[in-house]
2 protein chains.
Amino acid sequence: MVKGVFEHEFELEDVKFMKRALVLAKRGIGYVNPNPPVGAVIVKDGAIVSEGYHERYGGFHAERNAILRALERGVDLSGTTMYVTLEPCDHYGKTPPCTDLIIEAGIRRVIVACRDPNPVSGDGISKLRNAGIHVAVGLLESEAKEVMKFFMKSVVQKLPYVTLKYASSLDGKIADRGGNSKWITNELRKIVHKLRKEHMAVLVGAGTVLKDNPQLNIRLVKSKKRAPIKVILDWEGKTLRKRAELNVYSPESKVIVFSRLADYPVEEHIRVINVREPIEILKTLWTLGVDSILVEGGAEVFSQFLPYADEIYAFYGLKVLGDGKGIFSGISNTIATPFEYCITKTVVAKNRSEFLVVMKRCSQG
Amino acid sequence: MVKGVFEHEFELEDVKFMKRALVLAKRGIGYVNPNPPVGAVIVKDGAIVSEGYHERYGGFHAERNAILRALERGVDLSGTTMYVTLEPCDHYGKTPPCTDLIIEAGIRRVIVACRDPNPVSGDGISKLRNAGIHVAVGLLESEAKEVMKFFMKSVVQKLPYVTLKYASSLDGKIADRGGNSKWITNELRKIVHKLRKEHMAVLVGAGTVLKDNPQLNIRLVKSKKRAPIKVILDWEGKTLRKRAELNVYSPESKVIVFSRLADYPVEEHIRVINVREPIEILKTLWTLGVDSILVEGGAEVFSQFLPYADEIYAFYGLKVLGDGKGIFSGISNTIATPFEYCITKTVVAKNRSEFLVVMKRCSQG
């Protein structure tokens with residue numbers, strides 16, 4: 001028996017079905033923001049009879065998809081068990097409450113991985129229990145929180161989840177003396193594109209935009225979206241003036257520019273906001289519904305956003321550049337300065353000349 | 001059947017016994033330099049009847065230890081098979097030829113991992129074959145070469161094996177702005193002490209000696225030797241003048257100082273040599289019998305010896321120092337500059353706040 005974090009105990013079979021629900025949930029990552037990616041599985045007599053997940057923002061929730069898919073095929077759901085990675089909602093949002101549909105379908109038991117921290121969602125668990133449904137909470141809760149990490153942070157802290165990503169030489173340089181950074185890491189660049197798919201927005205400084213003219217879209221992995229929202233820190237408006245020549249301003253996605261030129265005339269997909277401080281930028285983005293940001297550089301931007309990073313993707317290429325641009329600029333710490341991150345993952349490229357170290361704030365486990 | 005690299009095919013059972021011989025060989029690492037660490041196993045009717053390895057410089061070879069241990073216990077070795085990680089010697093060195101003893105003992109079959117590249121050792125394989133012994137060569141050859149990597153390089157290239165070791169922050173700094181480097185990595189320091197045990201000498205610059213007053217001996221791992229030979233690059237003789245206060249000059253091991261003050265009066269365990277260029281220093285050390293050097297810094301020394309490094313142990317601590325001392329000094333490469341190393345190993349510390357990347361010259365496989 002597996003002890004749930006909160007209040008219940010579960011059988012090994014329950015673990016198996018919840019793992020399946022988590023696999024389904026992950027399919028929604030990058031397409032449902034700022035909603036959480038959620039998966040649901042319905043089980044009858046020990047076998048899965050229907051599945052569903054939250055597929056895109058504004059679309060049906062996981063529970064609704066699983067139930068409707070079963071009913072379409074004429075499956076009787078009375079007496080079944082539902083495994084769902086997040087507490088079912090009990091409110092009218094873009095879709096009606098999932099709780100009503102679960103009750104109506106005759107589902108007898110609901111296993112929930114994680115309570116919904118969002119007060120807007122209502123108390124789905126009580127609603128179900130009051131309807132006579134047996135509800136157990138806390139199975140694979142930490143795994144579910146990891147899948148929904150953007151949602152969990154943004155709802156609780158009212159700030160987007162911040163991932164900082166750099167690609168450095170062994171000696172901590174993100175560009176050589178000539179400013180060239182293509183490519184310090186190459187084989188592992190796919191992972192960067194996966195991060196762009198998962199995050200709702202990417203953020204870069206004007207210097208990087210002007211020097212590298214990056215596209216910042218998703219090319220190296222399969223994706224239903226072409227690009228995340230692009231956020232540019234351009235206080236002086238240098239990129240705004242040259243935007244016709246800059247890839248990042250392509251209309252394939254929204255562009256948010258933080259600049260003192262708030263009244264600068266721009267195309268409809270571009271928005272200029274007069275905010276400068278990193279924490280204010282994060283708050284503003286959250287207000288605009290952004291649940292997650294991938295900070296892609298350069299050195300000044302890394303230094304400004306390091307204090308807010310929840311996670312760091314540190315790519316290293318086997319090169320020694322010596323002179324060149326450091327990862328961070330304007331930081332001066334001593335050995336004793338705390339740096340509260342823990343390694344959660346390492347990856348070595350197949351060509352054995354690049355590696356990735358993923359770090360997370362230790363307090364987040 | 002396992003195909004030998006050179007000329008023979010082997011049974012799986014042969015692999016098992018040769019692996020055991022390699023385990024024994026490794027026990028000699030750090031104690032036999034500049035000899036190779038070698039292991040030997042004698043097998044009769046499918047079972048090991050004796051084992052031996054080269055235990056210390058000047059001591060008996062692996063084959064001799066294995067045979068004598070068997071004879072002491074009255075074991076008849078006629079008709080047995082010997083597995084040995086290096087071609088048996090056929091010359092009178094500090095000990096008589098192993099070939100004679102093998103023939104005398106009546107051993108019928110000898111499996112050799114690796115030919116001896118040292119012409120001084122004679123043609124042991126032919127000698128054994130001429131005596132009617134069946135000899136097969138090449139089983140687990142690359143594993144054996146790895147165990148004997150110091151020997152293989154120093155005999156073939158007439159230069160010591162060079163391992164470069166640094167401990168850096170994530171952003172490529174080996175000390176903070178105040179010059180403090182204790183400790184950028186801590187939990188993984190045991191591995192550094194293991195490297196000191198394995199290598200015949202450690203090499204540091206005068207700046208590091210004066211700033212950190214390091215001991216450069218073996219404390220954090222069990223070792224039969226207290227310290228490797230200490231090599232100090234001190235052209236101006238600054239450490240020589242202050243040597244009474246400097247730990248590195250302790251008489252626990254020999255000290256070799258490369259300095260223009262070749263006639264400086266020093267104690268008996270110290271030797272001062274008037275040589276300055278890195279390649280000349282390596283050649284001089286080789287002439288003195290040094291088969292392996294661990295280069296421990298600082299930045300100038302890392303830069304000077306990087307072109308000669310066979311292996312790099314790159315320790316990283318989860319810290320961002322910003323300002324501070326870079327790993328290398330006086331290097332200015334572009335992204336296109338080749339850097340011919342491949343990752344052979346990565347280690348993450350248990351506390352998840354340090355990691356190690358081991359790299360080897362790609363040509364060495």
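Here is how names work: the chains are called A, B, and so on, in the same order as the sequence lines, proteins then strands, and each is numbered from 1.
One finds the CZ atom of Arg352(B) at 9.5 Å from the NZ atom of Lys360(A) (value rounded to the nearest 0.5 Å). For the atom pair CD (Glu354(A)) and SG (Cys342(B)), the distance works out to 11.5 Å, reported to the nearest 0.5 Å.
Each of Ile174(B), Asp176(B), Val348(B) has some count of heavy-atom pairs under 4.5 Å with chain A, and the biggest count is that of Asp176(B). The greatest number of non-hydrogen atom pairs below 4.5 Å with chain A, out of Asp171(B), Val357(B), Val320(B), is found for Val320(B). The most heavy-atom pairs under 4.5 Å with chain A, out of Asn180(B), Thr346(B), Ile312(B), come from Asn180(B).
Nearest approach of Thr337(A) to Lys319(B), heavy atoms of both residues: O-NZ, 4.4 Å.
Among residue pairs with one or both ends in residues 324-337 of chain B, those qualifying as salt bridge (Lys or Arg N to Asp or Glu O under 4.0 Å) are Glu300(B)-Lys325(B); sequence neighbours excluded.
The aromatic rings of Tyr316(B) and Phe355(A) sit tilted, their planes meeting at an angle between 30° and 60°.
Contact of the Ile327(A) side chain with the Leu170(B) side chain is not registered, since no non-hydrogen atoms from C-beta on lie closer than 4.5 Å.
Close approach to chain A, defined as a heavy atom under 4.5 Å from one of its heavy atoms, is seen in no residue of residues 201-216 of chain B. Scanning residues 328-335 of chain B against chain A with a 4.5 Å non-hydrogen threshold yields Phe328(B), Ile331(B), Ser332(B), Asn333(B), Thr334(B), Ile335(B), sorted by number. Residues of residues 181-193 of chain B placed with any heavy atom under 4.5 Å of a heavy atom in chain A are listed by number as Ser181(B), Lys182(B), Trp183(B), Ile184(B).
Atom CD of Glu236(A) sits in a crowded spot, with more than 12 heavy atoms from other residues, nucleotides or ligands closer than 6.0 Å.
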- In sequence, state the C-alpha distance, the side-chain angles, and the governing distance for Leu318(B) and Ile343(A), and then conclude on side-chain contact (heavy atoms from CB on, under 4.5 Å). CA-CA 8 Å; Leu318(B) 262 53; Ile343(A) 297 168; 3.8 Å; yes
